[in-house]
Amino acid sequence: MTVSDNTRGLILAVASSLFIGASFIFKKKGLKRAAASGVRAGFGGHSYLLEPFWWMGMMSSEASNLVAYVFAPAVLVTPLGALSIIISAVLAHFMLKEKLHKMGILGCISCIVGSLVIVIHAPQEQSPSSVEEIWALAKQPAFLIYTAAAIVIVLALVLFFEPQYGQKNIVVYLGICSLMGSLTVVSIKAVGIAIKLTFEGISQVAYPQTWLFFSCAIICTVTQLNYLNKALDTFNTAVVSPIYYVMFTTLTIVASAIMFKDWSHQNISSIASELCGFITILSGTILLHTTRDQETEAEIPAAGLISWYIWKDSTESLLMNVKDDYFVTLDCSAYMTDICSIVNAANV
């Protein structure tokens, strides 16, 4: 029985989601260990590069993603990353002690339902026959406009917004990650197709476009990972994961649809079904993020009241008259005579 490229891509995408979900935890643990012995990634440190946990998370996620994008369109592979949110949230609950809110289960179910809808209506991949064909797609005016806009926004975020708001607003770091990530995906897909064609006997090594796509993939990946590490090191994993997924998935689908025209051979009903599935996934991820915020606020204890009693009699008589559960007594010792005199005078 012949297995279609979409089926291979689907299987690889599911496996990739499992690896990515676990990779968030491995990266976070590596960042925590690195922060204990050097400058944190959120403040420009790179000691996490010496941590095996970080490399384990990075390699497992990127390798599985690369293979999945070779066989299936981004509109199928990227939304299935919602499964990684469920994996990372569950693992963070047990391994990082980042509590998962009970209402987050509904968000997880929404992500699964939306993923199934997208899988059912996913377009069939139209695989290019050479890297030159991919280069022709990359030179389309619409994609060039998208690329230029993404680079301008990234530069603005890095140069103007990160210094002031990077440590306060999660959108700054994740905006850079997502924009560069969308360019990473199309570059990696081009490199993956070139590798696939080379193994099939149609060598793409001699084409300069292959190495140009490879260079773009390296630059975009390094930038993306650098700011993702800053986000993970600065903010809670349960918050980073869903917001990053929403932004990254949306921009990646837009970039892939512009360049590879994933929806050009589909009818309106299939496209509408995919959009509905995607909106369902977005709703689930937003619900996860919202409930996490509510739980964090609920865990902050309410501010207590402090009452001051100025008592001239013995401590025993004070204990009999004061009904508070917790209190501290201060005696007017010799070195506090002046202070107590002032307090007593004010009381009179």
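This structure is a prediction, so every number in the text was calculated from the model and none was measured.
The minimum heavy-atom distance between Phe278 and Ile118, with the atom names listed, is N-CD1, 3.8 Å. When all heavy atoms of Gln224 and Tyr244 are compared, the pair lying nearest together is NE2-OH, 2.5 Å. The shortest non-hydrogen separation linking Ala138 to Leu144 is O-CD2, 3.6 Å. Nearest approach of Glu162 to Lys230, heavy atoms of both residues: OE2-NZ, 2.9 Å. When all heavy atoms are compared, the tightest approach of Thr184 to Cys220 is OG1-CB, 3.0 Å.
The main-chain N or O of Thr252 is never found under 3.5 Å from a side-chain atom of Ser256 such that the two would form a donor-acceptor pair. No donor-acceptor pair closer than 3.5 Å links the side chain of Thr250 to the backbone N or O of Met247. Using a distance-only test at 3.5 Å, with no hydrogens or angles considered, a donor-acceptor pair links the side chain of Trp211 to the main chain of Val205. Panel note: side chain Gln204, backbone Val131; a donor-acceptor pair is recorded below 3.5 Å.
Here OH of Tyr207 is found 15.5 Å from CG of Leu212. Values are rounded to the nearest 0.5 Å.
Between Val154 and Met180 the shortest side-chain heavy-atom distance falls below 4.5 Å.
Between Tyr165 and Phe161, the two ring planes are tilted [angle within 30° to 60°].
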Side chain to side chain contact (heavy atoms under 4.5 Å, CB included) between Met259 and Ile134: does it pass, once the steps are laid out?
CA-CA 9 Å; Met259 180 172 173; Ile134 304 175; 3.6 Å; yes

Would Phe213 and Trp135 count as a side chain to side chain contact (heavy atoms under 4.5 Å, CB included) if you check the C-alpha gap in whole Å, the side-chain angles of each, and the deciding distance to 0.1 Å?
CA-CA 9 Å; Phe213 281 124; Trp135 179 248; 3.9 Å; yes

